[in-house]
There are 2 protein chains.
Amino acid sequence: MSKESTSRTRKPKRGQTREALMAAALDLVVKKAPFSALSLREVTKKAGVVPTAFYRHFPDMSALGLTLLDESFRTLRHMMRQVRQEELPNERMLRGSLEVYFNYVRNNRAHFLFVSKELAGGTPTMRNAIRREIRMFTNELAMDMARFPFLNHVNAEDLQMMAGLVVNNVTALTQEMLELEEDDEFGQNQVLGTAEKQLRLIYFGVGMWKSKPDQ
Amino acid sequence: MSKESTSRTRKPKRGQTREALMAAALDLVVKKAPFSALSLREVTKKAGVVPTAFYRHFPDMSALGLTLLDESFRTLRHMMRQVRQEELPNERMLRGSLEVYFNYVRNNRAHFLFVSKELAGGTPTMRNAIRREIRMFTNELAMDMARFPFLNHVNAEDLQMMAGLVVNNVTALTQEMLELEEDDEFGQNQVLGTAEKQLRLIYFGVGMWKSKPDQ
DNA sequence: CGTTTTCGTCAACACCTGTACACACAATTT
DNA sequence: AAATTGTGTGTACAGGTGTTGACGAAAACG
């Protein structure tokens with residue numbers, strides 16, 4: 001047991017180093033700084049791997065970032081699709097949907113923090129990718145609203161405007177949520193309550209809305 | 001003219017280096033990266049000054065950041081106060097207020113970009129300072145709304161909720177505005193138009209709102 | 001079994017980072 | 001006029017950065 005060839009090149013780890021790198025980056029985002037401020041070396045260090053090993057899995061940091069982004073939104077899209085499949089939107093299901101959503105946020109805090117910080121502060125590539133995803137959610141929401149009999153008389157542009165209003169607010173409330181401590185249940189319930197009221201108010205406004213028929 | 005003692009220590013510049021440092025940092029934020037990603041050295045380089053000169057004006061970069069933040073909000077507060085002094089809010093003045101605001105954003109693009117990027121990605125100190133300012137605006141808006149006869153029956157908590165709704169949206173729209181090119185007047189008008197509709201919709205919702213009297 | 005591919009390691013590089021220090025000139029105060 | 005304070009400069013250092021290259025062991029494949 002004393003002699004073991006060179007004794008320092010023995011860590012196969014199969015395909016798990018890649019995951020370790022992503023997890024390390026995500027963890028640093030939560031505890032330290034926005035992703036754009038992380039260095040390749042500290043990520044590999046946290047992943048328990050030598051710096052050059054990084055290149056076996058990603059060409060550079062920005063590639064890691066885009067992978068992380070993809071991971072973040074893939075699961076989020078999945079959840080949204082499930083919520084969408086339920087009945088048509090109405091006032092009653094509002095609270096339930098919000099609870100599902102914010103619960104998901106809490107269970108994926110790291111990913112949301114990552115996205116939130118890069119939304120304004122990331123590279124142009126990153127920002128555009130995120131904004132594209134958000135726009136997609138807005139479009140889907142607008143399509144759902146279009147199927148709502150209540151809104152037959154609202155034209156497409158106004159539906160988009162309304163969906164944007166909702167998404168803007170949910171985004172802002174999500175960021176507010178992320179600023180709270182993980183165990184601050186009181187604060188979290190408060191945000192949830194505010195969210196419900198705000199969306200209900202929007203719901204009222206939507207009911208009053210009259211689109212110009214020609215525009 | 002050939003001999004001039006040492007010939008390289010002659011740049012008094014009085015008190016203008018400080019401003020040069022702030023301007024350089026702001027410029028780098030617009031053209032390069034969020035403030036938190038700037039290095040002391042590149043700021044001094046852009047300001048045309050040697051790195052160590054930095055310490056004559058700020059103890060470190062984060063002090064520069066806080067000064068920049070103060071500058072950003074001092075002028076913004078000033079503008080807001082002027083808008084606030086006008087007549088009570090009503091539907092007619094909506095467009096005008098939005099035009100004033102977004103025009104101000106366009107004329108202070110660098111400051112808003114700086115704030116926007118630090119809001120989510122800055123140090124905790126920075127983030128809290130910004131969020132405190134935003135909360136202040138929300139409070140002032142809620143107070144203005146309280147003086148609106150139309151809203152006599154709305155309790156304080158709900159006023160806060162409504163003001164938050166407005167501020168959340170204006171914040172999001174501001175960031176959307178900042179993503180546009182400076183000369184993209186079409187896009188800017190589009191955002192302005194959307195903003196007007198969204199706030200009008202909120203206005204409708206506010207009109208329908210009924211507070212629980214006891215809560 | 002032997003061969004090839006995958007993947008982690010080490011050493012080294014050129015560069016950038018914040019900051020300490022001593023120095024020199026300018027402005028201001030005495 | 002002399003002394004003090006303010007402000008910009010050059011040098012220097014220790015440490016962090018991304019990336020190259022050659023090396024070797026483990027895993028996958030034949």
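Lettering of chains follows the sequences in order, A, B, ..., and the numbering in each one begins at 1.
- Going from atom CZ of A/R18 over to atom P of C/dG8 covers 12 Å, rounded to whole Å.
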message: The test is salt bridge (Lys or Arg N to Asp or Glu O under 4.0 Å); show your working for A/K46 and A/E42 and say whether it passes.
response: CA-CA 6 Å; A/K46 177 135 203 165; A/E42 67 183 325; over 6 Å; no

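- Regarding contacts with the backbone of C/dG8, a side-chain N or O of A/H57 is found under 4.0 angstrom from either OP1 or OP2.
- Here the P atom of nucleotide D/dT7 and the CG atom of B/L21 are 12 Å apart, to the nearest Å.
- Heavy atoms only, all atoms of each residue included: B/R200 and B/L94 are closest at N-CD2, 3.8 Å.
- B/S36 and B/E118 form a side-chain donor-acceptor contact under 3.5 Å, judged by distance and modelled atom types alone.
- Residues A/T75 and A/S72 come closest through the heavy atom pair OG1-O, 3.3 Å.
- Counting heavy atoms from C-beta outward, B/L64 and B/L40 have side chains that stay 4.5 Å or more apart.
- Of the two residues near DNA chain D, A/P59 and B/A53, the one whose nearest nucleotide lies more 5' is B/A53.
- For B/R132, the salt bridge (Lys or Arg N to Asp or Glu O under 4.0 Å) test picks out no residue, with sequence neighbours left out.
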Dump the pairs, protein N or O against N or O of nucleotides 13-16 of chain C, anything under 3.5 Å, distances to one decimal.
none

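- Put simply, CZ on A/F58 is 15 Å from P on D/dG18, counting in whole angstrom units.
- Here D/dT7 presents its P atom at 9 Å from CZ of B/R56, a figure rounded to the nearest Å.
- Scanning for side chain to side chain contact (heavy atoms under 4.5 Å, CB included) contacts around B/R106 gives B/N103, B/Q188, with sequence neighbours left out.
- Computed from coordinates, the B/M61 CE to C/dT17 C1' distance equals 12 Å when rounded to whole Å.
- Among the nucleotides D/dT19, C/dA20, C/dC10, the one closest to any side-chain atom of A/Y55 is D/dT19.
- The separation between A/E42 atom CD and D/dG16 atom P is 11 Å, rounded to whole Å.
- One finds a side-chain N or O of B/T17 lying less than 4.0 angstrom from the OP1 or OP2 phosphate oxygen of D/dG8.
- In this structure, B/F54 places its CZ atom 16 Å from C1' of C/dA20, rounding to the nearest Å.
- The interatomic distance linking A/E19 (CD) with C/dC7 (P) rounds to 11 Å, in whole Å.
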